[in-house]
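Chain naming here is simple, since letters A, B, ... match the order of the sequence lines and numbering starts at 1 in each.
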Number of protein chains: 2
Amino acid sequence: MSRQREVILSVLRSQRFHPTADEILLRARQRMPALALGTVYRNLKALCDEKLVRRIPMEDAPDRYDGFVEPHDHLVCTSCGKVYDIPSLQTKEALEAKLEAPVEGYELKVYFTCPKCKNQ
Amino acid sequence: MSRQREVILSVLRSQRFHPTADEILLRARQRMPALALGTVYRNLKALCDEKLVRRIPMEDAPDRYDGFVEPHDHLVCTSCGKVYDIPSLQTKEALEAKLEAPVEGYELKVYFTCPKCKNQ
DNA sequence: CATAAATTAGGAACGATTATCACTTTCATT
DNA sequence: AATGAAAGTGATAATCGTTCCTAATTTATG
């Protein structure tokens, strides 16, 4: 694990948030100013493969990344795009029982308007 | 509704499939050879706004479109990318009850390997 | 140390989608 | 039919998140 990868992972674990690659770059550069965006993407992909990080694919915006990988789903504000955690609303097992077929995973996103956006 | 939009909608309603914008263009051009890809995208967006068509955002591939808009979810093959319909596994109402907040919608995709891909 | 293997920074390239724009088409009103 | 305004079109350029490329650097290993 390179120094760059360590910094990227520690940014993602520093708080419960769901930053984009750009936001990760900004924060990581505070500790490693020469870090390149390509390196961030490369390491995010590697970290996802190792299951240390979860990617949250966004429909009309840059993907977000989550440093907390216990199963949970996401609540997405349709106005500001911010992502919140919610407890798992599905399980692989329940899906397999319902579909009577092996399931590799699922992606559930619930859309709402966050309180901040609701008050303008 | 322009002739172009009619053709695009009828392609989407001609069978239960989930084509990309490119695939829609190919089929629509059989009836309207000069049709432009930009026009396909423009009309798909309009049809989605009118709730006549549903967009299926794909994580690592071009988005797909669905001409059947009754609530249902999707099963996605991680190998070939083909999309299958499944009955709704969630309802807006159930989500709102669980989350105790108004919900605008949800997007659930279940990943599996389709039988064809499983046999190589 | 030496050298092979892996990783990097930086920038170019890619690909799906959107924007732009000059030119039709549509259609309600004469 | 002629008009004019509004909406839609085809072609192409632009956008932008992400991936790829490459020479240079770092890391691992004997």
Side-chain angles (χ1 to χ4, degrees), chain A residues 1-12 17-50 52-66 74 76 78 80-83 107 109, chain B residues 1-12 17-50 52-66 74 76 78 80-83 107 109:
Chain A
M1 175 163 308
S2 67
R3 212 164 86 64
Q4 285 84 344
R5 186 171 307 178
E6 274 175 37
V7 170
I8 289 165
L9 184 56
S10 83
V11 165
L12 277 165
F17 64 162
H18 307 85
T20 62
D22 266 313
E23 289 162 357
I24 294 166
L25 178 67
L26 265 177
R27 287 172 187 264
R29 275 191 170 161
Q30 294 175 3
R31 274 189 272 164
M32 186 177 278
L35 184 66
L37 182 57
T39 301
V40 173
Y41 274 109
R42 188 172 353 95
N43 282 294
L44 285 172
K45 177 178 269 190
L47 290 165
C48 286
D49 289 348
E50 299 173 61
L52 294 177
V53 164
R54 163 129 76 114
R55 175 167 69 120
I56 311 171
M58 303 300 289
E59 305 197 350
D60 296 289
D63 291 346
R64 292 169 176 274
Y65 294 86
D66 192 334
H74 292 113
V76 182
T78 53
C80 67
K82 197 171 166 190
V83 174
E107 175 76 25
K109 288 204 287 291
Chain B
M1 175 164 306
S2 68
R3 213 165 88 62
Q4 284 83 345
R5 186 171 306 182
E6 274 175 36
V7 171
I8 289 165
L9 184 55
S10 83
V11 164
L12 277 167
F17 64 163
H18 308 84
T20 62
D22 267 313
E23 288 162 359
I24 293 167
L25 177 67
L26 264 177
R27 287 172 186 263
R29 274 191 172 161
Q30 294 176 2
R31 275 188 270 166
M32 184 176 276
L35 184 65
L37 182 57
T39 302
V40 173
Y41 274 111
R42 188 168 355 91
N43 281 293
L44 285 172
K45 177 178 268 190
L47 289 165
C48 286
D49 288 348
E50 297 172 61
L52 294 177
V53 164
R54 166 134 69 118
R55 174 167 70 118
I56 311 172
M58 303 301 290
E59 306 197 350
D60 297 288
D63 291 346
R64 292 167 176 274
Y65 294 87
D66 192 335
H74 292 113
V76 182
T78 52
C80 68
K82 198 172 164 189
V83 174
E107 175 77 24
K109 288 203 288 293

Tell me the interatomic distance from [X], atom [atom1], to [N], atom [atom2], rounded to whole angstroms.
X: A/Tyr41; N: C/dT8; atom1: OH; atom2: P; answer: 16 Å
X: B/Lys45; N: C/dA16; atom1: NZ; atom2: P; answer: 17 Å
X: B/Asp49; N: C/dT18; atom1: CG; atom2: C1'; answer: 14 Å
X: A/Asn43; N: C/dT7; atom1: CG; atom2: P; answer: 9 Å
X: B/Leu37; N: D/dT12; atom1: CG; atom2: P; answer: 13 Å
X: A/Arg42; N: C/dA6; atom1: CZ; atom2: C1'; answer: 10 Å
X: B/Leu44; N: D/dT9; atom1: CG; atom2: P; answer: 12 Å

Could you tell me whether [X] contacts a base, only the sugar-phosphate backbone, or nothing, with contacts defined as non-hydrogen atoms closer than 4.0 Å?
X: B/Ser2; value: sugar-phosphate
X: A/Arg3; value: nothing
X: B/Leu35; value: sugar-phosphate

Q: Would you mind checking if A/Arg5 and A/Glu50 are paired as a salt bridge, meaning a charged N to carboxylate O distance below 4.0 Å?
A: yes
Q: Indicate yes or no: does A/Arg55 engage A/Asp49 in a salt bridge with an N to O separation below 4.0 Å.
A: no
Q) Contacts to DNA chain D from residues 20-33 of chain A, heavy-atom cutoff under 4.0 Å, which residues? A)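 The stretch gives none, as no residue of it lies under 4.0 Å from the strand.
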Q | Closest to side chain of B/Ala36, choosing from D/dT9, D/dA11, C/dA9 | A |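 Selected nucleotide (nearest to the side chain): D/dA11.
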Q.
Heavy atoms within less than 4.0 Å of DNA chain C: which residues of residues 52-64 of chain B have one? Give them sorted by number.
A. B/Pro62, B/Asp63
